[in-house]
Amino acid sequence: MMHSQLFPKTLKEASRDAVAANHKLLVRGGFMDQLMAGSWTLLPLGWRVVGKINNIIRAEMNATGGQELALPLLHSKEIWNETGRWESAADIMYTLKDSREREYALSFTHEEIIMDLIRKHVSSYKDLPIKIYQFSTKFRQELRATGGILRGREFLMKDMYSAHESEEDLMAYYEEVKQAYLKIFARLGLEVIVTEASGGVFTDKHTHEFQVLAESGEDTIYYCSECKQGQNKEVLSVAEGDKCPWCSLGKVVVGKSIEVGNIFPLGTKYATDMKAFFTDKNGKQQPFWFGSYGIGPTRVLGTLVEVHHDEKGILWPKEVAPFAAHLVGLKDAGEVYEELQSAGIEVLYDDSDRSAGEKFADADLLGIPVRLVVSAKTGDKIEWKDRNSDETRLMTRPEVVSALSTI
Ligand code: ATP
Ligand code: MG
């Protein structure tokens with residue numbers, strides 16, 4: 001991608017009400033734009049990062065046997081009435097009427113919609129388990145949509161749902177998804193604490209949240225810094241300073257955090273409410289055992305910036321960076337750009353006629369892991385600098401191509 005073609009260009013300032021680092025840096029960098037409170041456009045750079053986040057999530061969901069689909073976002077009142085959530089989730093759902101006064105909700109989650117699919121298409125234990133997921137928009141009436149893209153009124157969620165013939169099978173898969181989530185967050189460059197939590201409108205049982213420590217977080221967790229397990233303050237059974245009840249090595253400490261994922265063992269409530277039954281091995285009718293598993297890719301985008309930035313800008317982890325290298329031409333570097341492109345390396349080429357200072361400031365702000373400079377001084381070599389270091393070194397073109405190809 002050439003800088004001259006990139007839409008839009010970077011901004012000198014974010015809006016005055018921007019407090020969170022993700023709000024300031026993603027807006028200034030041209031990754032996202034705010035339409036109104038809680039409502040964000042993902043600009044081409046931001047969409048590239050979200051695409052990479054989604055690809056990591058998709059690969060790990062597929063590895064557990066998940067199949068991707070796409071569900072509708074406009075739902076009838078009737079389906080939400082089947083579980084009583086038209087009433088009990090009224091505070092969170094956006095509802096609307098059509099010109100004939102029929103009532104609808106915009107999707108805030110999809111358990112009911114999935115359970116409807118399962119009761120229509122699955123009748124025997126032989127067809128179980130079912131593991132299906134989507135990436136789609138969720139709409140929620142968030143009263144305080146602050147913190148940049150961390151809390152949207154409209155946001156992206158990967159939501160997976162599974163149906164099983166027994167509690168044992170559900171819980172075995174629940175554990176497998178928990179492990180898959182740990183892999184996902186490790187690949188995303190986020191250190192997470194697995195936290196016991198309540199289920200909100202979903203269930204009375206404990207659920208598990210995946211929390212990232214950050215001062216800008218809205219959650220408070222009690223956790224062990226040794227084993228990275230914890231409890232949300234809603235379900236607290238430990239106190240600050242206690243010996244860790246999980247690993248007994250560390251002590252319980254308190255921290256602010258951002259919830260990036262949440263998994264829910266939902267039992268048979270949804271199937272019972274919605275009369276969704278299958279025939280078991282003995283010919284008996286049984287309700288499906290159900291679980292749901294969410295991650296918010298747009299919240300992950302914001303969280304990555306909260307934990308990976310300095311005073312100059314963003315520091316993207318390699319796997320999610322919008323480009324592998326930022327080529328800064330202080331003289332024409334078109335040939336180098338072509339060579340990197342044809343080697344299959346994702347590169348942003350600053351071909352503008354701005355000053356070196358402006359170009360370097362942009363490179364720091366955008367946070368692409370490697371900066372390459374071609375100038376009168378570098379001769380036929382290229383200057384390589386990692387975003388997270390001040391050291392530079394001169395390398396030949398083949399050395400640069402091979403170093404970037406192995407990343
Ligand atoms: P919170 O407690 O932060 O309001 P939640 O517990 O209601 O979130 P879940 O229903 O568990 O959210 O949703 C699953 C995931 O979707 C969350 O872990 C988070 O990553 C993401 N998410 C939830 N609400 C929002 C939001 N308003 N904006 C962006 N992402 C969100
Ligand atoms: Mg949650």
Side-chain angles (χ1 to χ4, degrees), residues 57-58 60-89 92-93 105 107-136 138 157-181 196-209 261-295:
I57 299 172
R58 180 177 287 119
E60 299 300 339
M61 291 296 94
N62 290 348
T64 72
Q67 296 178 54
E68 189 171 350
L69 46 53
L71 298 163
L73 306 186
L74 186 65
H75 308 154
S76 69
K77 176 180 181 177
E78 288 71 34
I79 194 148
W80 287 98
N81 265 337
E82 290 193 46
T83 56
R85 284 217 273 183
W86 182 266
E87 299 280 327
S88 66
I92 205 165
M93 268 199 248
S107 141
F108 81 101
T109 183
H110 272 93
E111 281 81 6
E112 282 78 349
I113 315 305
I114 291 280
M115 193 49 83
D116 177 63
L117 268 180
I118 290 174
R119 78 180 159 190
K120 285 192 290 210
H121 295 279
V122 183
S123 55
S124 160
Y125 73 95
K126 290 181 192 152
D127 299 324
L128 293 171
I130 306 286
K131 304 161 183 176
I132 40 189
Y133 72 95
Q134 64 171 343
F135 290 89
S136 80
K138 299 283 182 269
M157 198 197 286
K158 181 287 299 174
D159 40 335
M160 164 128 100
Y161 304 85
S162 71
H164 306 261
E165 60 179 303
S166 65
E167 179 170 9
E168 196 185 14
D169 198 49
L170 165 66
M171 292 318 292
Y173 186 61
Y174 184 85
E175 266 315 309
E176 191 181 338
V177 175
K178 197 191 281 176
Q179 296 310 317
Y181 270 39
E196 293 171 357
S198 70
V201 294
F202 298 97
T203 174
D204 299 333
K205 271 198 186 175
H206 275 186
T207 69
H208 289 91
E209 293 172 345
N262 203 173
I263 56 177
F264 303 85
L266 295 169
T268 54
K269 179 197 175 322
Y270 283 86
T272 311
D273 284 355
M274 294 183 69
K275 303 188 177 52
F277 301 108
F278 66 95
T279 311
D280 74 7
K281 288 190 183 80
N282 308 314
K284 247 184 96 190
Q285 291 287 96
Q286 300 283 0
F288 295 97
W289 287 86
F290 196 41
S292 72
Y293 316 87
I295 296 183

Measuring from atom [atom1] of [X] to atom [atom2] of [Y], what distance do you get when rounded to the nearest 0.5 angstrom?
{"X": "Glu78", "Y": "Trp86", "atom1": "CD", "atom2": "CH2", "result": "8.5 Å"}
{"X": "Leu69", "Y": "Ile132", "atom1": "CG", "atom2": "CD1", "result": "5.0 Å"}
{"X": "Phe264", "Y": "Phe290", "atom1": "CZ", "atom2": "CZ", "result": "11.5 Å"}
{"X": "Ser76", "Y": "Ile113", "atom1": "OG", "atom2": "CD1", "result": "7.0 Å"}
{"X": "Gln134", "Y": "Leu73", "atom1": "CD", "atom2": "CG", "result": "7.5 Å"}

I would like to know whether Trp80 and Phe108 meet ring-ring contact (aromatic ring centres under 6.0 Å, His included); could you show each step before the answer? CA-CA 11 Å; Trp80 287 98; Phe108 81 101; 5.1 Å; yes
Does a side chain donor of either Thr109 or Glu111 reach within less than 3.5 Å of an acceptor in the other side chain?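 Yes - a donor-acceptor pair under 3.5 Å links their side chains.
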If you look only at pairs with a residue in residues 109-136, which of them pass as a ring-ring contact (aromatic ring centres under 6.0 Å, His included), with sequence neighbours excluded?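 Counting only pairs at least two positions apart or across chains, the ring-ring contact (aromatic ring centres under 6.0 Å, His included) contacts touching residues 109-136 are His75-His110.
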Please list, chain by chain and in numerical order, all residues satisfying side-chain contact (heavy atoms from CB on, under 4.5 Å) with Ala271, sequence neighbours excluded.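 If we apply the side-chain contact (heavy atoms from CB on, under 4.5 Å) test to Ala271, skipping adjacent residues, the hits are Met115, Ala276, Pro287, Phe288.
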Presence of salt bridge, Arg119 and Glu82, under 4.0 angstrom: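 The answer is yes: the pair qualifies as a salt bridge.
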Quick one: does Leu128's side chain get under 4.5 Å of Ile130's, heavy atoms only?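 When only atoms from C-beta onward are counted, Ile130 and Leu128 do touch, with a gap below 4.5 Å.
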Contact between Lys131 and Val177 at the side-chain level, heavy atoms closer than 4.5 Å - yes or no?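 No. Closest side-chain heavy atoms not under 4.5 Å.
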For Gln285, is the CD atom crowded, meaning more than 12 foreign heavy atoms sit under 6.0 Å from it?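 Yes.
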Atom CD of residue position Glu68 - does it have more than 12 heavy atoms of other residues, nucleotides or ligands inside 6.0 Å?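 More than 12 within 6.0 Å, yes.
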Partners meeting side-chain hydrogen bond (donor to acceptor under 3.5 Å, both in side chains) with Glu112 (sequence neighbours left out):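 Glu112 satisfies side-chain hydrogen bond (donor to acceptor under 3.5 Å, both in side chains) with Thr83, Arg85 once adjacent residues are dropped.
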